[in-house]
Amino acid sequence: MVKDLTNSELDRKNILNNNLAVQEAYNYLGFQGIKFEGKFRYTKIQVAQYFEVDVRTINRLLENHRSELDQHGHEVFAGNRLRLFKEALSQLKDIDVPQLEDEGDGELVGARATALNVFTFKGFLNVAMLLQGSERARQLRASILDLVLDTLNQRLGGTTKYVNQREQDYVPSALREFNYRQEFTNALDKYIDQNQFKYGQLTDRIYMSIFKEKSKEYRQILKLNTKESVRATMYSEVLDLVSAYENGFSDYLRKAYEEKGELLRLSEANVLFKEFEEMTEMAFQPLKEKARSLMASRDMAFRDALHEQLKEYISEVSQEDFDKFLGEKSKSLEERLSENIDVFIRLKNK
DNA sequence: ATCGGGTACACGAGCTTGGC
DNA sequence: GCCAAGCTCGTGTACCCGAT
């Protein structure tokens, strides 16, 4: 599916929030900005010249997409900041930066200018994603999409299946969940009649309650084969919630069993689950919303997977998330495991 | 629907001017 | 020669419009 960046704010944000990709794009383009306050800056005139469009066209983008552009680094310099920026500019002129000399005939800033539109590199990319008419912008959009895929592939070694395991919280959450899962299956063994369907059915009920998909549907959406573990692909926030359900429902089953004094039937357990779900509805609501939103948004951005049932929860993936899963602190599971060995031992001895 | 063009007004820093 | 008021200029912002 080819994304049309010019008409999807969500897709634009998902690229601009990916700092790694933005960094790659900067290196790739070699469009040198003026370093100011730690960021590379471009004046409105520079941006217009780069894309070979009228300055007026950039003005119109500013009128129609102001908040988005501001969010991605567009600013108006005035007063003291403008003075400092002009100084930085004239210093560059002295050292004779060819990039700046070549572009256009006039000065980048008039001496008496009292306000100035300035973009960061990210803002410049944002403009590229909005300009429909510029051929250079169109080419840049295509390169960006390739770059995003490349960096994703580079980081993840070709597969996005286990991208969920790359963040710091995954291993502790997975280990905790593993323990609660054991308690849960123990509870199903102890309190429910012998029935080959009980594990699958009640697990699916938990999944349905949290993210509106049964295990089978989830597998299809993430293209997992039968040997691949569903839980190994879940984000820590989802795993935590699964743990909460398993722990809570195990206890609920035990009480029902003790009250009844004999083994429960699977049909009874299903009714009990419905009760449990209603009882915890309000308490779990905020966590469910969060888990659904993170899961749907991340799977869209990282795995190119669409959870149809969670469509309304899709939003942008935050910069923090991109860093968490793809940035310097992100790591493969093998690295995480050796790091978390003490946690593992602690949980095992519980 | 997008783009370039036009107009009008606001703003503030630098320049000009005129009174002392 | 000095100072402050007022003017000038480049820019931003917000409209509208017609050509393509």
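The chains referred to below are lettered A, B, ... by the order of the sequence lines, with proteins before strands, and numbering in each begins at 1. Note that this is a predicted model, so its numbers are computed, not measured.
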N or O in side chain of [X] less than 4.0 angstrom from [N] OP1/OP2:
| X | N | result |
| --- | --- | --- |
| A:Arg60 | B:dC3 | yes |
| A:Arg66 | C:dT13 | yes |
| A:Lys86 | B:dA13 | no |
| A:Asn59 | C:dA14 | no |

### Lys/Arg N to Asp/Glu carboxylate O, A:Lys290 vs A:Glu237, below 4.0 Å
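No, A:Lys290 and A:Glu237 are not salt-bridged.
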### Message
Using ring-ring contact (aromatic ring centres under 6.0 Å, His included), reason through A:Phe40 and A:Phe121 one step at a time and then give a plain yes or no.
### Response
CA-CA 6 Å; A:Phe40 294 106; A:Phe121 183 71; 8.2 Å; no
Nearest-nucleotide pick for [X], side chain only, options being [options]:
| X | options | value |
| --- | --- | --- |
| A:Leu116 | C:dC15, C:dT11, C:dT13 | C:dT11 |
| A:Lys44 | B:dG5, C:dG12, B:dC3 | C:dG12 |
| A:Ala115 | C:dA14, C:dG12, B:dC3 | C:dG12 |

### Query
Checking all strands, does A:Glu63 fall into the base, sugar-phosphate, or nothing category for heavy-atom contacts under 4.0 angstrom?
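Result for A:Glu63 = base.
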### Query
Who are the ring-ring contact (aromatic ring centres under 6.0 Å, His included) partners of A:Tyr191, not counting sequence neighbours?
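Scan of A:Tyr191 (ring-ring contact (aromatic ring centres under 6.0 Å, His included), adjacent residues dropped) gives A:Tyr257.
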### Query
Is there a side-chain contact between A:Asn126 and A:Leu69 (heavy atoms, below 4.5 Å)?
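With C-beta onward as the side chain, the pair touches.
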### Query
Separation of A:Phe51 atom CZ from B:dT2 atom P, in whole Å?
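The answer, rounded to whole Å, is 17 Å.
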